[in-house]
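All remarks here apply to the structure that follows.
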Amino acid sequence: MHTTVEQWDVIVLGAGLAGISAAIETKKRGLRTLVLSKVHPLRSHSGAAQGGINAALYYDTPRSHIKDTIIGSDYLADQDAVDILCNSAPRIIQHLDNRGALFNRTEDGMIAQRPFGAQSYPRTCFVKDRTGLVCLNTMYEEALFYGVEFRSEWYALDLLYNPAEQTAYGLTAMNLVNSSIHVFIGAEVILAGGGYGRAFSRTSNAYANTGDTLGMIIRAGLSLQDMEFVQFHPTGLADSGILISEAARGEGGILLNSEGERFMQNYAPHKLELAPRDIVSRACETEIREGRGVGPRKDGIYLDVRHLGAPHIHSRLPELYDLALTLQGENMIEEPIRIAPTAHYSMGGIPTDTRAQVKKDINSLVRGLYAAGECACVSVHGANRLGGNSLLEAIVYGRRAGRSAAEDALLNKYTPSAKDGEHEASFSLERLQSLYLSEKSLGFFELRDRLRNEMMRRSGIFRSADDMSIARETIYHLAGEFRRCRVQDITPFYNTELQEALEFENMLLYSSAIVESALARKESRGAHYRSDFPHRDDKNWRNHSVFCFKENKGSIHYNPVLSGSFAPEERYG
Amino acid sequence: MANKVEKATLLIQRFDPYTDKTPHFTEYVLEYRRNDQLLDLFNRIKTDRDSTFSYRRSCRHGICGSCAVKVNGKPILACRTPVHELIDEFGPTLTVTPIDTEKIIHDLVIDMDEFWKKHDKISPFLTPQQHSGPQSSLQGSSIQGETLFFDSSSASLGDADYCIQCGACYYVCPVISVQPSFLGPAALTKAFRFINDPRDTQSDRLEVVFQPQEGVWECIKCLKCTEVCPKHIDPFSKISRLHSQVILSSQYTSGSRIRHTKGFQLDLLLNGMLNELPLALFALRIGFIKMAIRGIRMLFHGKVVLNPFKPRSKGYKQIRKLMRDSQ
């Protein structure tokens with residue numbers, strides 16, 4: 001098979017907010033930059049964010065934003081990283097505004113801010129209920145202005161990494177349109193592959209969120225940090241997991257069980273429905289598990305907004321009204337709608353320093369490799385992300401990744417070269433071929449369903465050693481089964497079955513990282529809840545878990561949290 | 001009832017250029033429940049019947065724009081259209097084709113390159129005066145030199161920034177197939193969004209929508225784009241307003257298209273009805289000679305009346321008043 005080799009200064013993988021922000025920075029500094037994405041940039045999942053983007057403007061202070069973020073993280077965030085995030089926020093808003101984002105305004109013409117969960121001030125800037133879409137468009141437009149080169153519908157296969165020199169020097173990727181495989185050589189590689197909620201059967205994530213960058217990292221022998229922290233949003237539509245924004249509860253919506261009881265009184269008597277996301281999610285899940293669920297399968301909870309009245313619902317929650325009606329056939333003006341907790345955001349990912357350069361271990365970095373956005377873990381979200389901080393992180397750390405890559409490229413003048421395309425591509429090609437070799441023509445879709453159900457049930461909102469040991473066995477078993485599967489479709493033209501098989505392979509890898517990390521953490525913190533260890537244990541467990549595969553076995557070690565000026569307190573006192 | 005199971009027949013156009021010579025239709029009879037979207041049925045075909053079936057998809061709730069297809073000729077987003085609604089509209093057999101049948105890559109996946117090139121062509125980025133506008137009056141503002149702006153200004157852009165580039169309007173537009181250089185409703189909507197953003201400083205923006213064969217002149221005002229837009233953005237009204245903006249702009253005073261519009265208006269004001277012959281002369285000038293042959297043929301077919309001195313319309317005063325009121 002013929003492989004083409006391409007040489008670039010900077011290769012960015014992923015064209016969501018983080019990837020685009022990074023590419024603008026390197027392109028502005030005169031570096032030849034290529035952005036690869038498996039979907040068109042404007043189809044990226046950043047565009048699905050509704051609520052908003054946080055920044056301390058006007059009477060608010062970045063200091064307060066920092067404090068809220070660290071408390072929200074259940075004291076697992078690194079303060080140096082959070083400082084950068086919150087201090088940069090006002091400039092990011094100004095930049096988006098300058099570049100054309102039509103933020104909602106106050107009557108005086110200044111940027112309006114809405115209150116969001118666990119924030120001391122209303123500091124979430126928003127564009128109606130489409131903030132992500134507008135931010136994504138605005139940044140993409142800026143990238144076009146600078147002439148960034150994008151290649152859409154290229155699926156990345158493997159990272160080119162030299163372990164002896166701790167250096168990344170490119171990646172291999174497949175053009176989905178015709179299945180040609182190219183070797184992309186670049187001194188700087190920026191990973192911005194986004195989230196990976198697809199490993200759970202009920203998720204708000206897009207089909208594309210399959211954690212491909214995480215699979216690449218694991219195959220390269222590098223490590224992943226804080227993988228056990230997966231945020232479940234309390235209100236996804238019960239049937240599909242599609243998000244019903246926090247705004248529904250913010251406007252006054254209440255949660256009811258099958259007995260018509262407003263059960264949040266029993267779990268968070270003061271904050272009720274507006275308690276932190278993880279608490280509300282666990283409350284909903286407890287009600288369902290104890291048989292007080294609603295709907296034909298008793299797997300949901302009622303979200304009731306009827307008392308708000310039709311005019312209020314139409315004016316403040318139009319998108320949510322339409323989603324529930326179209327996707328679930330339920331009219332929230334006339335009846336309560338069925339919701340259930342849904343896998344929403346992954347706090348863990350590829351460990352980086354505050355320059356967004358990827359860490360090899362606690363003291364050393366990988367040369368030429370950077371990561372930003374949901375696939376990365378710098379860590380600003382710690383054990384639990386606050387609403388409105390994810391768009392901000394994608395832009396702030398996306399830019400930093402771009403700037404750091406540009407700095408290093410201009411200082412080092414290091415130019416890697418490919419031996420020949422064959423050598424670099426051989427690993428990826430073997431992987432592809434193996435998907436067609438098995439004699440049995442077993443399909444993998446059923447295996448994928450089993451993985452997603454197992455992750456949801458045994459490694460989701462509630463976790464215990466017993467459950468997760470079973471989940472671990474299941475994953476090993478499924479990985480073995482997968483080796484016996486064969487992809488049926490042999491077309492080179494937009495072979496979605498092949499793509500989904502490769503995605504499933506990544507899903508198996510990072511699911512294993514989630515389960516192993518969760519099994520090892522014997523405490524409850526933020527989104528990670530162990531029914532066998534229900535309390536936070538700052539003495540032994542206030543640290544980042546670092547997972548890595550060595551000789552086909554997962555190994556975990558721990559790095560300290562950079563705590564700074566906020567001492568841990570009880571979060572929900 | 002929410003969980004009643006019914007049956008739908010999907011007639012899906014399939015084409016894999018690797019194995020097929022021509023596109024063909026394959027029939028799938030599938031059960032569906034009330035809340036199933038068309039995309040759910042696609043997924044079931046892929047996982048249970050034929051794993052080679054290919055289509056684009058991503059967000060599952062109508063915000064990424066990946067999954068636009070045509071059902072019985074009507075463009076829809078597969079992820080946000082309940083099957084029962086389609087069956088109510090078209091009957092129990094649904095014919096599913098790619099959104100454009102000319103440029104198929106595999107099954108329902110098409111090459112949208114041309115669509116994206118047009119998106120990029122209208123200079124889709126704001127050119128602001130950096131740090132412009134009055135200072136924020138509040139003390140303690142973290143934003144230096146904030147540009148004050150108002151929701152009413154955003155509202156005047158008519159949700160043009162809500163476009164998800166799904167292509168529904170573009171691939172239903174009848175002009176694209178006969179005039180491939182026409183920018184189309186999506187790109188013009190984006191152009192409208194920047195032309196009318198008060199913060200933009202690029203002065204030659206109307207140029208791109210003014211271009212013959214590409215710009216607003218090609219629109220035949222069929223309103224199909226507005227009819228199918230899944231986000232209800234109403235591209236037609238944007239094109240229509242751009243049209244007026246070009247006419248009213250002092251930048252463009254010459255050119256047959258401008259004269260045609262102005263002559264049309266003059267004719268109505270003077271006579272209350274259209275008089276084709278003088279209008280054609282007024283708009284085309286010397287080019288009128290080239291058009292004469294077609295004119296003569298039209299005359300023979302009774303399509304035009306050869307009378308340079310048509311009488312005034314009886315209600316011309318009323319027409320004149322209406323025109324004044326509408327301005």
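Letters A, B, ... mirror the listed sequences (proteins, then strands); counts begin at 1.
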Self-check item: A:H45: ring pair (Phe, Tyr, Trp, His ring centres under 6.0 Å) partners, not counting sequence neighbours
Solution: none
Give, for atom [atom1] of [X] and atom [atom2] of [Y], the distance between the pair rounded to the nearest 0.5 Å.
X	Y	atom1	atom2	result
A:F103	B:S154	CZ	OG	11.0 Å
B:I63	A:Q50	CD1	CD	7.5 Å
B:I105	A:N178	CD1	CG	9.0 Å
A:D489	B:D16	CG	CG	6.0 Å
B:K190	A:E141	NZ	CD	4.0 Å
A:Y494	B:H106	OH	NE2	11.5 Å

Practice problem: With sequence neighbours left out, write down each residue that passes salt bridge (charged side-chain N to carboxylate O under 4.0 Å, His left out) with B:D113, or none if nothing qualifies. | Solution: B:K117
Shortest non-hydrogen contact between [X] and [Y], atoms and distance:
X	Y	result
B:R199	A:G100	NH2-O, 3.1 Å
A:L42	B:H119	CD1-NE2, 4.1 Å
A:R43	B:S58	O-OG, 4.4 Å
A:G329	B:N35	N-OD1, 3.3 Å

Quiz prompt | Interface residues of residues 76-86 of chain B facing chain A - non-hydrogen atoms under 4.5 Å apart | solution = B:C79, B:R80, B:P82
Quiz prompt | cation_pi(A:R130, B:Y162) dist<6.0 Å, angle<=45 | solution = yes
Self-check item: B:R57 to A:Y207, cation-pi by 6.0 Å centre distance and 45° axis angle
Solution: yes
Quick one: what part of [X] sits under 4.5 Å from any heavy atom of chain B, side chain, backbone, both or neither?
X	value
A:T210	neither
A:V134	side chain
A:S204	backbone

Quiz item: What residues form a side chain to side chain donor-acceptor pair (under 3.5 Å) with A:T496, not counting sequence neighbours?
Solution: B:K46, B:S54
Quiz prompt | Contacting moiety of B:D197, where chain A heavy atoms sit under 4.5 Å | solution = side chain
Quiz item: Under a 4.0 Å N-O cut-off, is there an ion pair linking B:D151 with A:K128?
Solution: no
Quiz prompt | For chain B, the option from A:G47, A:A143, A:P492 that forms the most heavy-atom pairs under 4.5 Å | solution = A:P492
Self-check item: A:E497 side chain to B:S51 side chain, donor-acceptor N/O pair below 3.5 angstrom
Solution: yes
